[in-house]
Each structure stands twice: as structure tokens, then as C-alpha cells.
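Lettering follows sequence order; numbering is per chain, from 1.
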Amino acid sequence: MLKEPRRKYMDIVFVTIISICLVLMLGYQVVNVMALQKEATPTPTPRPFATAYQGIPEVGEETFRPTPTPEVSPTPSETPFLE
Amino acid sequence: MAVRSKDKAKKQRPYDYWDRVFAGIALVIIAAAWIVGGILQRQEAPECQLSVFEEATECRPIGNDMYEAVRVEENGTETVVGWGSFGEATGYGGPLQVFVGVKPDGQLAGVKVIKNKETQTYFRRLEQDAFFEQFQGMAANASFQLDADVDAVTRATVSSQAVADAAQEASYRVAERQLDMAVTREVEPIKFGTPEIVLIALYVAGYIGHRRGFKYKKHFRWATMIVGLVVLGFMYNQPLTIGIINSFMLGFWPNWRTNIYWYLLLGGIFFVVTAQSKNPYCSWFCPFGACQEVLGAIGGARYMGPKAGRGREVLKWTQRGLALTAIVLALIFRNPGATSYEIFGNLFAFNGAPLQWVVLGIILVLSLFVRRPWCNYLCPLDPTVDIINSSRRWITRGIRSVS
């Protein structure tokens, strides 16, 4: 059996360690849930050029095609550098 | 003597009362989270996955869950390069959806997972082990059996099985409807092997050992713990987690023919806890519990934490709060594994998040001096079993008072 003062000291140390673990585990849950939410939020993704490209209609070719999607304006990084 | 026992009963009443209150409130919160999660759930229409087909420039729906991938030349002519469809199966964490592309010659162009609720550290194993690449070039009407046509990834077999099942569903649809290929749907063989046999044996041993007056209780318990540690832990990494209980509540039940272990583990706990109000799993063969006891025996662990008073109460209630948070968040986000914070995978499969590694280290060191620190102060299963037990007591008392 532990002596009373030593036991009290042990209690404090033990409760502190377990509390740290509890906070870490709660943090783990929050991080995971935030990642889930981030994943669930729809972000507009530009359609690839190939999907939007409808081909050049030739003279006399039937022009019926599915409605083309509006061209996505290039992001700054994609804009060619003009001198 | 009679007065003393009356005083004792009076002292115990508040504890029992708050336990019951907790169980009641917890059940209400869990039910509310389940409903809220159902309302918030979004049903998004799946989109054709162009990236599965190497040469395709367009992919469009052609009805009946079928998509057509075409290559459009510069002059506008179109060539069909394949067809695709979606398949779904239940994995470790819930529904898993894949898109499968099939080329006109009947070979698979590729398999892509669209949605999954698997534990991400395990799911990454499938990507790292080139699991998905092995589907390329496979016949669309192949059997898709694990370890025959498809090699499962070790320690991620449930996820591997789910991907194979979902891919089979989608591939067979394309094979039958677009390619007129003969498809034979083989009945999945029932998977019953070493882990299932060992689990049943451990439940029986736990049941026998729990009985009062059993002569070799101590030795028997050590034997079951070591078997649990080695077989259920290090060999198969299949301990009970809160993720499994969440999956059960969300209705994400895996195929029973290939997941008998899942049903045995969960069914065994519910049956024994409700019928006998005892929990043989935790004290008799939980692999992580056994690991802590082994370390405790080495280090001579005697300390049990604060004996009574505020410290112990605070720790008990924070453990319950943590477990309840894990259940509620899983139900709201419809993702059983996301909040499963156990550190078992780190120890038995060397797989887990950095925060879990930190906690594992602390717990293993602490186990040398304290008896089962994880089980007594952090594990979510203990409070969950408490809720089941309190509910059971409530119901039986209600039935008795009516009759």
C-alpha cells in the first residue's frame, strides 16, 4: 500500500497524464471530423479541356451537339507569361 | 449489521441514479444524432470517371447506370473506347463505391474508388500496395475472388474484399449489357477460419471462466489473454472497436459470408452483456487489455488511479463524454471509423495517426505502473457496455414492475 502523501502525489501525476491523453484523443476526433467536412464541401473544379472540346464543325456537317459547357477562364498560374 | 447495509445502499443510490440518468440521456442524444445524420446526408449523383479510360476524351451517361467513354477526333468523329458503371459494397467503415471501366475487348480499363468510409491509414495501404492496378487487363466476367483473381492487401482484407465485390457488380453489369459476355455469379464461399474458431473458443472460455467458484480462474484467464493478444491482436489485428459498434448502428453491415468474424464479435458481446450482464471480452481476451496486463506484470503495476473522490469521478465522466462524442460524431457524419480513436491499430498493425502514436507510447509506459490505464480511463468500449447494461437493467425492472 502506498503512503498517503505519496498516493496524493501519484493521483495528481496520474490525472494529469490521463487528461493529456483525453485531450489528444478529443483532438484526434476533431481533426478527423474537420477533414471530413472539408472533403464534403463541394469545390468547383474546372472541367478538363478535352471534355468541353466539341471538335471543329466541318462545312455541311450536322451541327447538333450536346450543349457545350462554358469555357473555364484560366487560373493565373495557367495564364501564359506575355512579354 | 442491517443499519450498516442500509447506509451503504443509501450511499450507493446516487451513483446508480446518475449512471441511469447518463444511460438515458446518452440514448436520447445517440437517437437524435442518428436522425440528424440521416437528414444531413447528401445524395449526390455519381459522375463518370474519365480518368479510368486512357484514350477517352468524353464520358456520358447512356441510361441504366451505364456510361459510354468516347474519343472525339479533331474532325468530330467519335470512337467508343469503353463503358463504365458503378458498384457498391460494404467495407470496414461502411459503403464503398467504385467506378469500373471496361474496354470493348472485354478487359478492365481500371477501377477507381469514388466514395469510401474506410479508416484512411488502412485505405492508403491499398493504394501503396498497388491493389487497384491488378484489376487492369482482367476479364470483365472474371470471378473477382480474393486470393484467386485478386490479391488482398494484408491487414486490410475487409477493404480489399469490399473493393473486389463492388468492382464485380459494376463489371458484370457492363459485361452483360454492353458486351453480351457470359457471366456466372458464383456464390461467395463462406469465410470461416482460424480467427473465427479462436473467437468462439475464447467466448466459451470466458463464459466458463466467469462462473463463480471456478478453480483455475487465474491461470485460465492468463491463457485466454495470451491467446487473444497473439491471435486476435498481432496475427489478425481484429479487436473490437467503437467503429464496429458505429457501423452496426448505422446499418453498415458487411456481407456475412465473408465477415462472420464481425458478426461473432459484435453478436457475442451483445448476447453476453444483455443475457448475463457480463462482459467477457474486455477482461478475458481483449488483445490490448492483455498487452497492458502483461506489461503490468513485468513492471509490477499496482496503482489503480485515484481511489475515490473528485479525481476518479472526473476521469470516469470524461471517459464517458469522449466515448459519447465518438459515437455522436460518427452518427452525424455517417462515418463509423472517423472518430474511432483507439490505438489498437498502431500496436498490432503499426498503422495510425501521429496523435495515436503519442498516446500509445504514454499508455504502454503507464501500463508498467498502473493496471490497465487505457481500459479504465480512456477506452470507449467500457462506457458503451455501461449504457447497454444500464438500459438492460431499466428494461428488466420495467418488465418486473408491470408483471
Non-neighbouring partners of B:Glu54 that pass side-chain contact (heavy atoms from CB on, under 4.5 Å), sequence neighbours left out: none

Can you name the one residue among B:Thr325, B:Thr339, B:Asn335 that meets side-chain contact (heavy atoms from CB on, under 4.5 Å) with A:Val33? B:Thr339

Is the count of non-hydrogen atoms from other residues, nucleotides or ligands lying under 6.0 Å from B:Arg371 atom CZ greater than 12? no

Closest heavy-atom pair, B:Leu378 versus A:Ile18, reported as atoms and distance to 0.1 Å, is CD2-O, 4.3 Å

Closest non-hydrogen atom pair, A:Tyr28 against B:Ser340: CE2-O, 3.6 Å

Using non-hydrogen atoms and a 4.5 Å limit, figure out which bit of B:Ile332 sits close to chain A: side chain, backbone, both or neither. neither

Distance from B:Gln319 atom CD to A:Leu22 atom CG, nearest 0.5 Å? 8.0 Å

Where is the tightest heavy-atom contact between B:Leu355 and A:Gly27, given as atom of each residue plus distance? CD1-C, 4.0 Å

Heavy-atom count around B:Glu47 CD within 6.0 Å, excluding the residue itself: above 12? no

When rounded to the nearest 0.5 Å, the distance separating CG of A:Asn32 from CG of B:Leu329 is 10.0 Å

Is the A:Phe14-B:Phe369 ring centre distance short of 6.0 angstrom? no

Does any heavy atom of chain A fall under 4.5 Å from the side chain of B:Leu322, the backbone, both, or neither of them? both

CE-OH distance between A:Met25 and B:Tyr341, expressed to the nearest 0.5 angstrom: 8.0 Å

Taking the side chain as every heavy atom from C-beta outward, state whether A:Ile17 and B:Leu366 have any atom pair closer than 4.5 Å. yes

Got a second to check how far B:Tyr377's OH is from A:Cys21's SG, nearest 0.5 Å? 13.0 Å

A:Asp11 to B:Pro306 - nearest heavy-atom pair and separation: OD1-CA, 3.6 Å

